[in-house]
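The structure appears right after this line, and notes come after that.
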Amino acid sequence: MPDVYDKATRSAVMSKVRSKGNKSTELRLIEVFHEYGITGWRRNYTVKGHPDFVFMERRIAVFVDGCFWHGHDCRNTRPKENEDFWAAKRKRNIMHDREVTAKFEQRGWTVVRIWECELKKKNLSKLLVKLNLMK
C-alpha cells in the first residue's frame with residue numbers, strides 16, 4: 001500500500017515522534033500503574049541504557065517499546081518507500097535492545113520489555129502477567 005503522504009509530509013510527521021512522553025507508551029503505562037496500585041517506580045533514572053521506569057528496591061528495569069520502532073511483528077505496517085532504510089533502522093534498534101538487556105542482566109537487574117500493543121485494553125491480561133513481577 002503506497003504512503004498516503006508525500007515525502008516531505010511523511011518526513012515532517014516522523015520527525016515529531018519522540019522517545020519520551022508518548023501517550024501510547026509511557027504515559028499509558030503510568031495510568032496502568034495507578035489503576036493497579038503499582039508503586040515504587042521512578043522515571044528518568046540516569047543509567048546507561050535509559051530504562052523508561054526503574055524499581056530500585058527490586059532492581060527491575062522496565063522498557064516500553066513502540067512496536068514499529070523496535071521490530072514487534074504485531075503490525076503488518078511496513079513502509080514501501082525507503083524500505084531498506086527502515087529495515088536497517090529496525091534491525092539496529094533490535095540489536096541495541098538486546099545489548100542493553102544483556103548489560104542490565106549482567107549487573108543483576110531483571111529487565112521487563114513491554115510492547116506498545118500490550119498497553120491496549122484488549123491485551124490487558126498479557127500486560128498484567130508481566131506487571132505481576134512489580135507488585
Side-chain angles (χ1 to χ4, degrees):
M1 179 175 155
D3 198 345
V4 296
Y5 297 121
D6 62 49
K7 193 170 186 172
T9 305
R10 173 58 62 200
S11 180
V13 167
M14 296 305 277
S15 72
K16 294 195 183 316
V17 176
R18 297 289 173 236
S19 64
K20 298 275 182 211
N22 291 316
K23 288 183 181 179
S24 65
T25 55
E26 295 100 30
L27 298 180
R28 171 67 183 126
L29 187 56
I30 289 172
E31 290 175 7
V32 173
F33 285 163
H34 289 303
E35 186 176 342
Y36 288 90
I38 298 172
T39 60
W41 53 271
R42 291 177 46 192
R43 284 184 78 188
N44 304 320
Y45 182 68
T46 52
V47 64
K48 189 172 173 109
H50 306 286
D52 296 301
F53 301 92
V54 293
F55 291 79
M56 292 298 295
E57 290 179 13
R58 293 192 174 105
R59 295 178 64 86
I60 299 173
V62 179
F63 295 87
V64 185
D65 295 333
C67 295
F68 173 79
W69 299 103
H70 293 267
H72 195 230
D73 286 329
C74 66
R75 298 171 144 186
N76 293 324
T77 305
R78 298 285 185 273
K80 294 295 179 206
E81 285 214 18
N82 237 352
E83 195 171 348
D84 292 338
F85 168 81
W86 289 113
K89 170 98 174 126
R90 288 166 47 112
K91 187 175 182 178
R92 285 191 309 271
N93 287 346
I94 291 167
M95 292 305 298
H96 181 260
D97 291 345
R98 287 181 183 152
E99 291 168 7
V100 168
T101 296
K103 286 178 184 175
F104 270 89
E105 289 174 345
Q106 288 169 357
R107 290 183 254 160
W109 285 70
T110 299
V111 175
V112 177
R113 290 204 172 264
I114 297 174
W115 291 107
E116 176 183 14
C117 64
E118 292 175 327
L119 294 168
K120 294 181 179 176
K121 290 182 181 180
K122 68 180 182 178
N123 296 325
L124 188 61
S125 60
K126 289 181 189 177
L127 177 62
L128 293 176
V129 169
K130 288 185 176 184
L131 296 183
N132 216 14
L133 283 172
M134 297 164 224
K135 283 193 169 189

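As a basis for the values below, the full set of heavy atoms in this structure was taken, side chains included, without hydrogen atoms, waters or symmetry mates. Predicted model, so just to flag it, every value in this text is computed and none were measured. If you read the sequence from its start, that first residue is 1, and numbering goes on from there.
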ILVMFWY network linking M95 to V100, side-chain heavy atoms under 4.5 angstrom: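 Cluster IDs for M95 and V100 differ.
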Hey, does [Y] have a side-chain heavy atom less than 4.5 Å from the side chain of [X]?
{"X": "F53", "Y": "V112", "value": "no"}
{"X": "W109", "Y": "V54", "value": "yes"}
{"X": "Y45", "Y": "H50", "value": "no"}
{"X": "L29", "Y": "L131", "value": "yes"}
{"X": "I30", "Y": "H34", "value": "yes"}

Under the side chain to side chain contact (heavy atoms under 4.5 Å, CB included) test, residues paired with [X] that sit two or more places apart:
{"X": "E99", "answer": "none"}
{"X": "K91", "answer": "none"}
{"X": "I94", "answer": "R98"}

Sequence-distant partners of F63, ring-ring contact (aromatic ring centres under 6.0 Å, His included), two or more places apart: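 Expected list: F104.
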Those residues that, when tested against H72, pass ring-ring contact (aromatic ring centres under 6.0 Å, His included) (two or more places apart): W115
Step-by-step side-chain contact (heavy atoms from CB on, under 4.5 Å) determination, V111 to E105: CA-CA 7 Å; V111 175; E105 289 174 345; 4.2 Å; yes
Would you compute the distance between atom [atom1] of [X] and atom [atom2] of [Y] and round it to the nearest 0.5 angstrom?
{"X": "R58", "Y": "W41", "atom1": "CZ", "atom2": "CH2", "result": "14.5 Å"}
{"X": "F68", "Y": "K89", "atom1": "CZ", "atom2": "NZ", "result": "9.5 Å"}
{"X": "L128", "Y": "I38", "atom1": "CG", "atom2": "CD1", "result": "7.5 Å"}
{"X": "N44", "Y": "D52", "atom1": "CG", "atom2": "CG", "result": "9.0 Å"}
{"X": "K48", "Y": "K103", "atom1": "NZ", "atom2": "NZ", "result": "4.5 Å"}

Please confirm whether the backbone N or O of [Y] pairs with a side-chain atom of [X], one donor and one acceptor, at under 3.5 Å?
{"X": "R28", "Y": "L119", "value": "yes"}
{"X": "R113", "Y": "D97", "value": "yes"}
{"X": "E116", "Y": "D65", "value": "no"}

Mutual orientation of the aromatic rings belonging to F33 and F55 [parallel < 30°, tilted 30-60°, perpendicular > 60°]: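 F33 and F55: perpendicular rings.
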Selection residues 118-128 - residue pairs positive for salt bridge (charged side-chain N to carboxylate O under 4.0 Å, His left out), sequence neighbours left out: E118-K130
